[in-house]
Amino acid sequence: MADYDADVIIVGAGGLGAMVAIEAARAGKSVIMLEAGPEIPDWKVIQNWRTSARKENTVDPYGDFPWAPNSYTKGYMNADTDLKRLPNTARVVGGTARHWTGITWRFLPEDFKLKSLRGVGRDWPIDYEELEPFYTDAEYAMGVCGLESDDQSGVHGGAPYPPRSKPFPQEPEAKPYAVQRLQMRVASKGMRIIHSPTARATKNYDGRPACIGNNLCEPACPINAKYSGLMAVDKARAAGVELRSEVVVDRLEKDAAGKITSISYQTRYGKRKTLKARAYVVAGHGYETPKLMLMNELANRSGMVGRNLMVHVGLMTWMQADEPIWFGRGQYSHGSFVNRRIGPHQSTSAGFTMGPWNTNFTAETANQLLDQKMIGSKLDAAIKHNSSRMLGNLVLTEDLADPGNFVSLNAGWKDQLGLPGINLRYKIADYTKACLPNIMNDTANLAQAMGVSVPPTHLYWMTHNHIMGTVMMGDNPADSVVDRNLRCHDHENLFLVSTAVYPSSTSFNPTLTGYALAIRAGRYIAAEL
Amino acid sequence: MISTVVPGALAAAEDDPTLKVSRIIVGRDDLDPALAKRVYAALSERIDGFDQKLSTLVSALSSANSAGADRDAALSRLDDASLDLALQIAQPWYTGVAGDGARESLDDDAVFVTYLGAEALRMISDVTPIQTYSTGAPGWWAQTPVGVTAPAMPPEILDWGYAPPGAEGPVAQADPQFIAMVTPQEP
């Protein structure tokens, strides 16, 4: 019998775990990926969404499984929070990286030095320069489209920023008429909307067709123009990686020196199996990764496992412009306003970004008019009129690592396999609230520029589905969980690959940085074995 | 929009009270009888005494037809109870869903009725395709939407690298009246 079942065993077959798998397999290592959720093809997700009564819930079409509960399974998340909804996760092959919107901003060099530059939050143990080649590789793996000439910081005088070693693999998509109109009109307020880089093909790319504006970036792209975690899994399988789905890892054994000696899982039917590897990777996103560590009392010398939960608090506004602009033509996101993203203000208030959320709001508009008891031809005319003018604006605020925001085990709730639920505690920080005046200022500018004359029809706080911080990266084992190479300080052959390692959050989507870190970790692990 | 007459729709309405009132409420004679059955199934589960209330609504709308002025006149004569029922019947026809689908939990009481058949989506689908499949080529969305007269814009607006005059800032201090308008309640 071989000493090991594989060189590398990866827990969690999402986008990030799959990138580690691809790198290790391409380096000639044997790899097994273990996934709690089932395999569900994109066409089924699309069908489920189309027949769903809750289309705003992007987890719903992926299903709810009693052996692998997700963020929205009733009872699973025991939340103490002022958030109206929780950041969601999908437990399926391909992971939460499937229902993402596809937005791929890089963190800026300044984001890696938040503590040094602004005196708040934490610095990363690595800097932008070190990660840059991996950003490039991630962008080419995903087929990111973008514009090199943009200043994505808003504060570098319009010069291209951040520095790049290669151009974007794809050129930007066409600009929707609605965004053209917004750009023209908000310029009067000194505001500029720049292109948002995304992992959507604008020409055929790596077997994917160009986007044709189906306007369904979540829960999944109907034609796979958008990159998804499932594509990464398929690449891993093609590279020789073995995938086992519907198996729930719940135990890791260690020796006296802290080295992991085995990993074991239950199948969905409760049958147990134990495996051995030379290196172990947990890539279970920001809830399940710390949960598995806490269940096994691993990696927690610092007491930081599960702590420092960051979520990106957001504000969604729907209002009516004074001209027909027709949101819903094109993709979900195209551009952003970035001038408040970074700067000295981050010493006391969160950076934020905002941009048009380009979906059509017709069904909600109809509901709202019905609530006003409108019916008949008046209703028909109002639906058409309001839909043509509806303008969605989505704000994303930077979050700071705070140990007081956390996930922990909830022994009072058990899933089908007897595994615990999750407690979640999150309170919106004063640091976040401090940026509200500027958010309101800029939103008011947008409203006035677009001729909005009545209060927004919808105005609500939400969270983006961005989970960060819960297995913090750092050089100091006393206050962080993993080191600069994502290796647990306490366990030399255990790596945690997740957006949950981020020391800071910036005010843009975290996914691309996660892929860059995963590629880097995969190469590091493969080289070490 | 070109609508297709569903075979049997006219005859079926005589037997199906949901379909009969729905034709007035939605303003179309060619509603799908199968969808009417789904609307009935969804609503009769949710609304106490639905059959009795529906019967009252049928009587109130009995002399109307689905055409413009007659439809509106009939709907405007409804008493509060019948208007509420008509609005509840309108919801799944227009939005495709009865009830309010929860965003943050898999546990809610919303019921799916239709997607492609939702009137609100259909009535604007010549401008914004119903989400999932468009029939255009990449980039079609940059064109001026059907029925819209675009204000004058420089041709460079199509380029992402172009910044209209003024866009480079500084960001204006907003009008307090508009700040008040867009300020939400405490998070």
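Since this is a predicted model, take the numbers as computed values, not measurements. Within every chain, numbering begins at 1; the chains are lettered A, B, ... in the order of the sequence lines, protein sequences first and strands thereafter.
- Residues A:I194 and B:W160 have side chains not in contact (no heavy-atom distance under 4.5 Å, counting atoms from C-beta outward).
- Chain B forms more heavy-atom pairs under 4.5 Å with one residue of A:K384, A:M77, A:Q331, A:M319 than with any other, namely A:K384.
- To the nearest 0.5 Å, the span separating CG on A:D151 from CD on B:E168 amounts to 9.0 Å.
- More than 12 heavy atoms of other residues, nucleotides or ligands sit less than 6.0 Å from atom CD of B:E156.
- Scanning both residues, A:A444 and B:I179, for their nearest heavy atoms gives CB-N, 3.5 Å.
- By number of non-hydrogen pairs under 4.5 angstrom with chain A, the leading residue of B:G147, B:A163, B:P151 is B:P151.
- In terms of heavy-atom pairs under 4.5 angstrom with chain B, the leader among A:T317, A:N438, A:L370 is A:L370.
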Query raised in the report: B:D159 and A:K175: salt bridge (Lys or Arg N to Asp or Glu O under 4.0 Å), yes or no, with the steps?
Result: CA-CA 8 Å; B:D159 297 334; A:K175 192 192 296 176; over 6 Å; no
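- Only the side chain of A:D442 comes within contact range of chain B, with at least one heavy atom under 4.5 Å from a heavy atom of that chain.
- Judged purely by atom type and a 3.5 angstrom limit, B:S134 uses its side chain to pair as donor or acceptor with the backbone of A:I212.
- Heavy-atom distances place no part of A:I439 under 4.5 Å from chain B, backbone and side chain included.
- Contact record, A:D380 with B:Y94: OD1-OH, 2.5 Å, taken as the closest heavy-atom pair.
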Report task. Evaluate side-chain contact (heavy atoms from CB on, under 4.5 Å) for A:W326 paired with B:V146, printing each intermediate quantity in order. Result -> CA-CA 10 Å; A:W326 286 108; B:V146 175; over 6 Å; no
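- For a residue to count as touching a neighbouring chain, one of its non-hydrogen atoms must lie under 4.5 Å from one of that chain's; by this rule B:Q88 does not touch chain A.
- Residue A:L379 touches chain B through its side chain alone, counting heavy-atom pairs closer than 4.5 Å.
- Proximity to chain B (any heavy atom under 4.5 Å) is restricted, for A:I46, to the side chain, taken from C-beta onward.
- Remark: the B:Q91 side chain and the A:N367 side chain contain an N/O donor-acceptor pair separated by less than 3.5 Å.
- A:N445 places a side-chain N or O within donor-acceptor distance of the main-chain N or O of B:A172, the cut-off being under 3.5 Å.
- Using a 4.5 Å cut-off between heavy atoms, A:S52 contacts chain B through its backbone alone, with no side-chain atom that close.
- Shown here for B:P138 and A:A210, the closest heavy-atom pair between the two residues is CG-CB, 3.8 Å.
- Chain B forms the most heavy-atom pairs under 4.5 Å with one residue out of A:P456, A:A363, A:P176, and that residue is A:P176.
- Judged by distance alone, the side chain of B:W140 and the main-chain N or O of A:G330 form no donor-acceptor pair under 3.5 Å.
- Chain B forms more heavy-atom pairs under 4.5 Å with one residue of A:A174, A:A366, A:A447 than with any other, namely A:A174.
- Of the atoms belonging to A:E171, not a single heavy atom falls under 4.5 Å from chain B.
- Around atom CG of A:D371, more than 12 heavy atoms belonging to other residues, nucleotides or ligands sit under 6.0 Å away.
- Remark: side-chain polar atoms of A:N441 are paired, donor with acceptor, to backbone N or O of B:A174 under 3.5 angstrom.
- With values rounded to the nearest 0.5 angstrom, B:I124 atom CD1 is found 13.5 Å from A:H385 atom NE2.
- Ranked by heavy-atom pairs under 4.5 Å with chain A, the list B:L158, B:V97, B:T95, B:I157 is led by B:I157.
- If you measure heavy-atom distances from A:T81 to chain B, you find no contacts under 4.5 Å at all.
- Residues B:V127 and A:S388 fail the side-chain proximity criterion, which asks for heavy atoms closer than 4.5 Å.
- Residue-environment remark: NZ (A:K378) stays at or below the threshold of 12 foreign heavy atoms within 6.0 Å.
- In this structure, A:R181 contributes its side chain and B:A150 its backbone to no donor-acceptor pair below 3.5 Å.
- Minimum interatomic distance between A:M184 and B:P154 (heavy atoms only, all atoms of both residues): CE-CD, 3.5 Å.
- Note that CD of A:Q183 is 9.5 Å distant from CE of B:M153, once rounded to the nearest 0.5 Å.
- B:D100 has no carboxylate O lying under 4.0 Å from a charged side-chain N of A:R54, or vice versa, which leaves the two without a salt bridge.
- Open room surrounds CG on B:D48; 12 or fewer heavy atoms of other groups in view lie less than 6.0 Å from it.
- A donor-acceptor contact shorter than 3.5 Å links the side chain of B:D72 to the backbone of A:S377.
- Using a distance-only test at 3.5 Å, with no hydrogens or angles considered, a donor-acceptor pair links the side chain of B:Q131 to the main chain of A:N215.
- Using a 4.5 Å cut-off between heavy atoms, A:V452 contacts chain B through both its backbone and its side chain.
- Only the backbone of A:F327 comes within contact range of chain B, judged by heavy atoms closer than 4.5 Å.
- With a 4.5 angstrom heavy-atom cutoff, B:A86 touches chain A via backbone and side-chain atoms both.
- Rounded to the nearest 0.5 Å, atoms OG1 (B:T144) and CZ (A:R329) are 8.0 Å apart.
- The aromatic rings of B:W141 and A:H334 lie tilted to each other, with the angle between the two planes from 30° to 60°.
- B:T183 and A:M440 make their closest contact through CA-SD, 3.5 Å (heavy atoms, listed as atom of the first residue, atom of the second, distance).
- For the set B:V26, B:L116, B:I24, the entry with the most heavy-atom pairs within less than 4.5 Å of chain A is B:L116.
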Report task. Please test A:L216 against B:T132 for side-chain contact (heavy atoms from CB on, under 4.5 Å), starting from the C-alpha separation and ending with a verdict. Result -> CA-CA 6 Å; A:L216 192 68; B:T132 328; 4.3 Å; yes
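- Looking only at side-chain heavy atoms (C-beta outward), B:V171 and A:F337 come within less than 4.5 Å of each other.
- Between chain A and the residues B:A180, B:G169, B:G96, the most heavy-atom pairs under 4.5 angstrom are made by B:G169.
- Looking at A:M374, the atoms closer than 4.5 Å to chain B (heavy atoms on both sides) all sit in the backbone: N, CA, C or O.
- Separating the CD atom in A:Q448 from the CD atom in B:Q177 is a distance of 7.5 Å, to the nearest 0.5 Å.
- Ranked by non-hydrogen atom pairs under 4.5 Å with chain A, the options B:P164, B:A118, B:P145, B:G166 are led by B:P145.
- Environment of CD in B:E45: sparse, with no more than 12 heavy atoms of neighbouring residues, nucleotides or ligands closer than 6.0 Å.
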Requested in this report: Tell me, with the steps shown, if B:V148 and A:Y177 meet side-chain contact (heavy atoms from CB on, under 4.5 Å).
Outcome: CA-CA 10 Å; B:V148 174; A:Y177 175 79; 3.6 Å; yes
Query - side-chain contact (heavy atoms from CB on, under 4.5 Å) between B:F178 and A:T443, intermediate numbers included - result: CA-CA 8 Å; B:F178 282 86; A:T443 309; over 6 Å; no
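- One finds the OH atom of B:Y162 at 11.5 Å from the CD atom of A:Q180 (value rounded to the nearest 0.5 Å).
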